[in-house]
Amino acid sequence: MTEKFDVVIIGAGISGLYQLHKLRKLGLSVRVYEAGDGVGGTWYWNRYPGARFDSESYSYQYAFSQELLDEWNWSEHFAAQPETLRYVNFVADKLDLRRDVRFSTYIAGASFDEKTKRWTVRTETGELAESKFLITAIGPLSVPTMPNIEGVDDFNGDAFHTGYWPQHDVKFEGRRVAVIGTGATGVQLIQEVAKTAGTLTVFQRNPNWCAPLHNSPIDDVEQPAIHARYAEVFELCRNSHGAFMHTSDTRNALDLSKDERDAVYEKLYGEPGFGIWMGNFRDLFVDEQANATLSEFVANKIRERVDNPAVAEKLIPTNHGFGLRRVPMETNYYEVYNQDNVRLIDLGETPIERINATGIQTSEENLPFDMIIYATGFDAVVGGFNRLDIRGVNGQTLNDKWARGPRTHLGMQVSGFPNLFTLVGPHNAASFCNIPRCIEQNVEWVSDLVAYMTSRGLETVDATVEAEDEWTEHVYQSADRMLLTKVDSWFNGINSNIPGRQERNFLLYAGGAPAYRERCDAVATSGYSGMTFE
Ligand code: NAP
């Protein structure tokens with residue numbers, strides 16, 4: 001039997017849940033399909049030890065409901081994953097969202113029928129659902145990738161990818177643990193595992209520039225003061241490039257003397273959160289010389305914090321400047337390498353040859369382990385779409401359409417795929433953002449468009465090819481000057497573990513959240529220019 005809904009949403013994370021709530025309020029019937037057995041998306045899957053916010057907790061939460069804001073208290077300035085997952089569950093309960101979510105259900109694909117103007121959505125077990133609108137809320141980092149190292153399946157000990165961390169407690173006491181990967185995930189995990197592991201061996205291919213998080217608890221005195229500032233917090237986010245509580249310094253680093261510059265860097269390095277990245281001089285991200293001043297400052301911090309000078313040098317990136325990849329936030333990460341139980345292996349000097357039944361064989365030695373943890377990242381932004389078989393007009397698949405890189409209108413529509421909306425999709429400001437802030441914008445924009453159509457009895461909406469071309473061109477143009485497009489990272493679609501993903505292809509929108517919002521608003525107030533309705 002094919003169930004029928006007004007809307008099908010794929011994913012019950014932060015974006016899917018809010019989208020469900022908004023559309024239900026419009027009186028529409030909605031079904032959400034979710035692969036996990038609970039809500040939370042990224043916070044459901046990424047339960048590895050050390051996982052926590054890098055955004056101030058209160059800036060990350062939903063802002064749309066005063067009741068939710070009033071009833072929830074964060075216990076830390078940067079909350080850990082269990083608390084965030086509790087928060088998402090609190091929201092789901094409060095808004096009674098679960099009744100419209102089908103859990104433990106993977107979607108295999110969806111196709112648009114031009115005669116009926118309806119999407120048919122197929123689960124992996126062959127169940128079918130029909131809907132007028134199809135909304136993907138699948139997250140930009142939801143497809144973990146294992147390393148393409150020979151013998152990954154041969155290891156007999158415990159092996160985990162951070163993005164599929166088990167729900168049971170994993171103990172490290174007395175165990176010989178290997179971690180592969182030193183991105184934002186690896187850095188959070190390493191500093192936690194190092195506390196109890198018998199031995200921890202970190203396999204690092206490229207170091208990243210990390211900065212101190214300076215997390216702290218929120219006590220009963222500070223709690224009401226933070227609540228009283230919510231309007232200000234969200235206003236700060238609204239006006240900041242990445243929708244964080246940190247707005248960039250409008251001065252140029254190179255216009256200041258070294259002492260003046262370093263004083264700013266010192267202050268930001270000592271402050272909580274992303275200030276050193278998001279609240280810093282603007283030219284750092286477009287001018288290599290300016291960027292080098294910050295890189296040198298942070299390199300010296302690493303040298304101060306790591307006792308062994310040779311190890312410190314291995315931890316300092318040399319192939320990219322500070323902030324040109326996602327900055328991992330840390331708490332005593334560098335000090336971990338001063339511990340006797342921790343060893344850093346630089347894969348540039350000593351590559352892994354293979355993984356075997358007992359551990360990892362490098363070019364120099366065979367290292368036995370009880371556990372290998374893969375913090376090797378994700379098939380970012382497009383990965384979630386690639387594994388769905390989505391077919392639009394004339395049976396065209398999304399995979400074919402995006403074979404040479406995504407093409408979208410505002411990162412939310414794809415020409416030839418009517419009534420499909422891609423929340424936090426490719427070329428959308430939301431994946432380069434304090435994500436719930438931009439998610440709320442995405443969801444509200446889509447909801448307004450759905451309401452517009454419903455009130456006018458319109459059956460379908462599709463972006464025109466011209467509007468799509470224009471947006472895609474704008475996305476690349478606005479990223480063009482930015483140094484981060486010249487560096488290998490998931491921002492640019494690079495994933496060494498996936499064949500064909502070695503060419504840089506910018507997947508985000510770097511024009512900033514305020515500019516993006518203004519653009520989306522202008523499209524809406526113009527009566528949805530760049531779209532055709534039936
Ligand atoms: P990532 O940034 O892509 O890092 C993956 C790491 O694995 C890199 O160090 C990479 O080395 C290494 N690696 C991959 N394949 C390898 C191989 N075959 N051999 C050896 N090393 C290999 O992934 P991530 O750390 O999971 O972070 C992804 C994103 O998730 C972050 O950028 C961030 O946006 C998000 N995140 C957010 C939070 C938060 O908000 N609190 C926390 C964690 C993650 P190379 O550098 O050499 O490629």
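Just the heavy atoms: all of them, side chains too, but no hydrogens, waters or symmetry mates, feed the values below. Numbering of ligands and ligand atoms starts at 1, following listing order.
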Q.
With a 4.5 Å cut-off on side-chain heavy atoms, are Tyr33 and Val101 touching?
A. no

Q) Can you check whether Trp72 and Tyr58 have ring centres sitting under 6.0 Å from each other? A) no

Q | Cys210: disulfide (SG to SG under 2.5 Å) partners, not counting sequence neighbours | A | none

**Q.** Those residues that, when tested against Arg481, pass side-chain contact (heavy atoms from CB on, under 4.5 Å) (two or more places apart)
**A.** Val286

Check each N or O atom of ligand 1 against all protein N or O atoms and list the pairs under 3.5 Å, with atom names and distances to 0.1 Å, one per line.
from, atom 1, to, atom 2, distance (Å)
ligand 1, 7 (O), Ala375, O, 3.2
ligand 1, 9 (O), Thr182, N, 2.9
ligand 1, 9 (O), Gly183, N, 3.4
ligand 1, 15 (N), Asn497, ND2, 2.9
ligand 1, 18 (N), Asn497, OD1, 3.0
ligand 1, 25 (O), Ala184, N, 3.1
ligand 1, 25 (O), Thr185, N, 3.0
ligand 1, 25 (O), Thr185, OG1, 3.3
ligand 1, 26 (O), Thr185, OG1, 2.7
ligand 1, 32 (O), Trp490, NE1, 2.7
ligand 1, 40 (O), Arg326, NH2, 3.0
ligand 1, 41 (N), Arg52, O, 2.5
ligand 1, 41 (N), Asp54, OD2, 3.4
ligand 1, 41 (N), Gln188, NE2, 3.4
ligand 1, 46 (O), Arg325, NH1, 3.2
ligand 1, 46 (O), Arg325, NH2, 3.0
ligand 1, 47 (O), Arg205, NE, 2.8
ligand 1, 47 (O), Asn206, ND2, 2.7
ligand 1, 48 (O), Arg205, NH2, 2.9

Q) With Cys237, which residues qualify under disulfide (SG to SG under 2.5 Å), at least two apart? A) none

Q) With a 4.5 Å limit on heavy-atom distance, are the side chains of Leu367 and Phe203 in contact? A) yes

